[in-house]
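The structure appears right after this line, and notes come after that.
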Amino acid sequence: MAQLSCTTLVDAATGQRLLHDGQCDARATPASTFNIVVSLMGFDSGILVDEHTPVMPYKPGYTDWNESWRTETDPTSWLITSNVWFAQNVTRQLGEARVQRYIDGFGYGNRDISGDAGKHNGLTMSWIGSSLQISPDEQVDFLRKIVNRQLPLSAKAYQMTGRILPAQTLANGWTIHGKTGTASPVLPDGSDDKQRQYGWYVGWATKGARTIVFARMMLDHRQQTYAGARARQAFLSEVATQLDTL
């Protein structure tokens, strides 16, 4: 049983709420959904060039708790595997002042990229169970600004982020662009909660002239599959099949 859950869908053009179920104002770590932000910053700044440039080699010492990250990575494979060290390399190159300017310009969540107290790791860890927090309601507000191109960014940043964000077209004709995220809650002593996981799936769905932005978030007991993958599966099977009725 999920201890926290939200599913929210908003019409991108009008801002009308189409579905709003659960604790959608509860903030949580964005985890790898933050890679949408890193992509926008990376392409806007020129650190990222196109779908396959740059190719970054894996180096020992990089964050590599997932085996699929221990290889050279380009922007496309980065978003597919949610490779943390690739995102960290981009944020390091940007530097703290530029990242903060972008986050403020985006109005992203609580805008706090300070990281863990006393660890000076904001540039590399603030979005993974740390200081940066965002609610599902804030996620869809941010996604609407992307879809409607209302952020202080180059056209290329929007275009390339849309291209590398994992996409699939469903049987009902809707194309879903979305990003998962998985992270552990942090216990009072600063350690990761081994029993529970946050799972996210956020993005937009397009069919014809219509675009709907969405966020699904849950906090539930850790299972064999990542919580982000479960959030995605639940959204695709329970919600995305009903988009024509909204």
Side-chain angles (χ1 to χ4, degrees), residues 2-6 22-42 44-45 47 56 59-66 69 78-79 81-143 151 179-202 215 217-222 226-228 231:
Q3 298 170 330
L4 180 68
S5 71
C6 162
Q23 302 101 312
C24 296
D25 60 351
R27 280 176 167 168
T29 174
S32 286
T33 67
F34 187 69
N35 286 342
I36 297 173
V37 177
V38 178
S39 176
L40 292 168
M41 297 188 297
D44 186 64
S45 64
I47 293 168
M56 296 188 190
K59 296 178 182 176
Y62 279 175
T63 305
D64 63 356
W65 59 71
N66 188 324
W69 302 346
W78 158 52
L79 281 199
T81 63
S82 296
N83 183 326
V84 169
W85 65 253
F86 189 98
Q88 291 172 331
N89 282 356
V90 175
T91 55
R92 278 194 193 100
Q93 287 182 63
L94 283 164
E96 195 170 332
R98 286 169 84 190
V99 171
Q100 188 69 65
R101 272 202 306 276
Y102 277 119
I103 298 298
D104 289 342
F106 296 169
Y108 190 85
N110 67 354
R111 307 184 190 189
D112 183 353
I113 60 163
S114 60
D116 300 318
K119 291 190 179 176
H120 307 291
N121 62 359
L123 260 185
T124 55
M125 293 298 290
S126 59
W127 65 93
I128 306 169
S130 185
S131 59
L132 190 61
Q133 302 270 307
I134 192 167
S135 69
D137 283 340
E138 290 168 328
Q139 287 267 26
V140 293
D141 287 347
F142 171 61
L143 292 161
L151 299 170
K179 186 73 200 78
T180 56
T182 303
S184 301
V186 178
L187 297 172
D189 66 0
S191 65
D192 284 350
D193 187 334
K194 299 285 192 258
Q195 305 301 316
R196 299 178 300 160
Q197 274 187 335
Y198 285 111
W200 282 101
Y201 187 54
V202 309
M217 186 266 281
M218 61 188 192
L219 172 64
D220 67 3
H221 289 286
R222 188 181 289 262
Y226 286 121

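Remark: the backbone N or O of Lys119 is not paired with any side-chain donor or acceptor of Asp116 at under 3.5 angstrom. Proximity of a side-chain donor or acceptor of Thr182 to a complementary backbone N or O of Gly228 within less than 3.5 Å is detected. Put simply, the side chain of Ser5 never gets that close to the backbone of Gly22: no donor and acceptor are under 3.5 Å apart. Between the side chain of Trp127 and the main chain of Thr33, no donor-acceptor pair closer than 3.5 Å is present. For Arg222 (side chain) and Asp193 (main-chain N/O), a donor-acceptor pair under 3.5 Å exists by modelled atom type. A distance-only check finds a donor-acceptor pair linking the side chain of Asn110 to the backbone of Gln133 [under 3.5 Å]. Between the side chain of Ser131 and the backbone N or O of Gly115, at least one donor-acceptor pair lies under 3.5 Å. Judged purely by atom type and a 3.5 angstrom limit, Trp69 has no side-chain atom pairing as donor or acceptor with the backbone of Trp85. For the pair Gln3 (side chain) and Asp220 (backbone), a donor-acceptor distance under 3.5 Å is absent. When atom types are taken as modelled, the side chain of Gln197 and the backbone of Ala227 share a donor-acceptor pair closer than 3.5 angstrom.
Of the inter-residue distances, the one linking Leu94 atom CG with Ser45 atom OG reads 4.5 Å to the nearest 0.5 angstrom. Rounding to the nearest 0.5 angstrom, the gap separating the CG atom in Asn89 from the CD1 atom in Ile47 is 10.0 Å. Atom CD of Gln100 and atom CG of Leu123 lie 10.0 Å apart (nearest 0.5 Å). Remark: Leu132 CG to Ile103 CD1 distance equals 6.0 Å, nearest 0.5 Å. The structure places NE2 of His120 at 11.0 Å from OG of Ser114, a figure rounded to the nearest 0.5 Å.
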Are Ser32 and Lys179 close enough, and set up right, to give a side-chain contact (heavy atoms from CB on, under 4.5 Å), and what steps lead you there? CA-CA 7 Å; Ser32 286; Lys179 186 73 200 78; 4.0 Å; yes
Derivation and outcome, side-chain contact (heavy atoms from CB on, under 4.5 Å), residues Met217 and Ile134: CA-CA 11 Å; Met217 186 266 281; Ile134 192 167; over 6 Å; no
Apply side-chain contact (heavy atoms from CB on, under 4.5 Å) to the pair Leu40 and Tyr102, showing each step before the final yes or no. CA-CA 9 Å; Leu40 292 168; Tyr102 277 119; over 6 Å; no
Could you go through Phe86 and Asn35, starting from their C-alpha distance and side-chain angles, then the distance that decides it, and tell me whether this counts as side-chain contact (heavy atoms from CB on, under 4.5 Å)? CA-CA 10 Å; Phe86 189 98; Asn35 286 342; over 6 Å; no
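Taking the side-chain hydrogen bond (donor to acceptor under 3.5 Å, both in side chains) definition, one finds that Thr124 meets it with nothing, sequence neighbours left out.
Counting only residues at least two apart or on different chains, no salt bridge (Lys or Arg N to Asp or Glu O under 4.0 Å) pair has a member in residues 87-110. Sequence neighbours left out, the pairs with a member in residues 120-141 that pass salt bridge (Lys or Arg N to Asp or Glu O under 4.0 Å) are Arg17-Asp137, Arg27-Glu138.
Nearest heavy atom pair, residue Trp200 against residue Thr29, reads NE1-O, 2.7 Å. Residues Arg196 and Leu219 come closest through the heavy atom pair NH1-CD2, 3.5 Å. Gly129 and Val186 get closest at one heavy-atom pair: O-CG2, 2.9 Å. Considering every non-hydrogen atom in both Pro136 and Cys24, the closest pair reads CD-O, 3.3 Å. In terms of heavy atoms, Ser130 sits closest to Ser126 at CB-O, 3.4 Å. The two residues Tyr198 and Ala28 come nearest to each other via the heavy atoms CE2-CB, 3.7 Å.
Counted by atom type alone, Asn83 and Thr81 present zero donor-acceptor pairs between their side chains at under 3.5 Å.
Within the 4.5 Å cutoff, side-chain heavy atoms of Ile36 are placed close to those of Phe142. Met41 places none of its side-chain heavy atoms less than 4.5 Å from the side chain of Val90.
Aromatic pair Phe34/Tyr108: centroids less than 6.0 angstrom apart.
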